[in-house]
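Below: the structure, in structure tokens.
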Amino acid sequence: MEILDRTFYERETITVAKELLGKLLVRRNNKDNMIGKIVEVEAYSGSDDPASHAYHGRTDRNYLMFGHGGYAYVYFIYGNHYCFNVTAKVGNNPGAVLIRALEPIDGIELMQANRHVKDLKNLTNGPGKLTKVMNITIKHSGLDLTKGEDLFLCEPKDKQRFEIVSTKRIGVKSGIDKLWRFYIKGNTFISRR
DNA sequence: GAGAAGATCTCCT
DNA sequence: GGAGATCTTCTCA
């Protein structure tokens with residue numbers, strides 16, 4: 001498998017977000033692999049995006065968004081859930097892409113066991129769900145995704161053509177004029193509301 | 001050191 | 001369709 005390298009991530013956040021659709025997220029857990037195809041993402045920028053963690057400047061929590069692209073940025077939200085982001089940026093403006101939904105590809109039995117859910121369509125269709133299924137926690141924050149270790153992204157073997165739909169982002173109260181949520185048209189594994 | 005809000009999910013009606 | 005669960009982070013004193 002071809003792991004995405006640094007040059008993929010060090011581009012405009014919006015461009016990276018769109019191109020992440022259809023890529024594979026690989027989670028290596030001891031000897032077991034879990035693989036999911038990315039079907040839904042959201043882009044978060046910096047000083048021009050009031051919904052972004054980076055909007056109010058650099059802090060102890062969001063400093064990863066100000067660093068290089070291609071790193072995992074994981075944070076805990078609502079007392080219950082982790083959200084998994086990939087840093088993606090060009091120049092000095094911070095940026096990250098939130099992975100919102102996956103299509104289960106491999107290691108499905110392990111995924112089901114991690115959440116005690118059998119319905120595939122209800123397994124990874126939300127940011128909090130997919131982190132639980134993939135066993136992604138705050139420990140993975142700051143991980144280099146280009147090294148091919150516990151967690152990385154790669155190019156699928158057979159590239160499929162699909163249409164990209166862009167809509168308003170979900171769950172944010174500011175920046176709703178930006179259509180920075182992207183998903184694969186017709187895919188049944190996206191989250192909705 | 002206290003208070004409030006948050007890039008969500010699940011259960012209940 | 002709506003509210004509760006639950007804790008980290010940020011802001012202000």
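Below, chain A is the first sequence line, B the second, and so on; all start at residue 1. None of these values were measured; they are calculated from a predicted model.
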Is the phosphate of B:dA7 approached by A:R181 (side-chain N or O, under 4.0 Å from OP1 or OP2)?
no

Within a radius of less than 6.0 Å around CD of A:E155, do more than 12 heavy atoms belonging to other residues, nucleotides or ligands occur?
yes

Can you sort out the partners of A:K185 under side chain to side chain contact (heavy atoms under 4.5 Å, CB included), two or more places apart, ordered by chain and number?
A:E163, A:V165

From OH of A:Y73 across to C1' of B:dA7 the rounded distance in Å is 9 Å

Length of the line joining A:Y55:OH and B:dA5:C1', which is rounded to integer Å:
17 Å

Counting runs of three or more consecutive pairs, Watson-Crick or G-U wobble, with each distance below 3.5 Å, where are the stems of DNA chain C?
B:1-6 with C:7-12, B:8-12 with C:1-5

From the options B:dT10, C:dT11, B:dG6, select the nucleotide whose nearest atom is closest to the side chain of A:H56.
C:dT11

Which of these nucleotides, C:dT8, B:dT10, B:dT8, is closest to any side-chain atom of A:K129?
B:dT10

Mind checking A:R61 for me? I need base, sugar-phosphate or nothing, with any heavy atom below 4.0 Å counting as a touch.
sugar-phosphate

By centroid distance (under 5.5 Å) and plane angle (under 30°), are A:Y78 and B:dG6 in a stacked arrangement?
no

Check whether any side-chain heavy atom of A:P156 lies under 4.5 Å from a side-chain heavy atom of A:K23, and answer yes or no.
yes

Atom CD of A:E12: over 12 foreign heavy atoms under 6.0 Å:
no

Among the candidates B:dC9, C:dA5, B:dA7, find the nucleotide nearest to the side-chain atoms of A:N80.
C:dA5

Return yes when atom CD1 of A:I138 has more than 12 non-hydrogen atoms of other residues, nucleotides or ligands closer than 6.0 Å, and no otherwise.
yes

Among C:dT9, C:dT6, B:dA7, which is the nearest nucleotide to the side chain of A:Y75?
B:dA7

Nearest-nucleotide wise, let me know which of A:H81 and A:I138 is further upstream toward the 5' end of DNA chain C.
A:H81

Sorted by first residue and then second, give each ring-ring contact (aromatic ring centres under 6.0 Å, His included) pair with at least one member in residues 4-58 of chain A; sequence neighbours left out.
A:H53-A:Y75

Please work out if A:G79 contacts a base, only the sugar-phosphate, or nothing of the nucleic acid, heavy-atom cut-off 4.0 Å.
base

Rounded off to whole Å, could you give me the OH-to-P distance for the A:Y82 and C:dT6 pair?
15 Å

Is it true that, when you exclude A:N92 itself, more than 12 heavy atoms of the residues, nucleotides or ligands shown sit nearer than 6.0 Å to its CG?
no

Nearest to the side chain of A:F76 - B:dA7, B:dC9, C:dT8?
C:dT8

Hey, does A:T59 reach any base, or is it just sugar-phosphate, or nothing, if we go heavy atoms under 4.0 Å?
sugar-phosphate

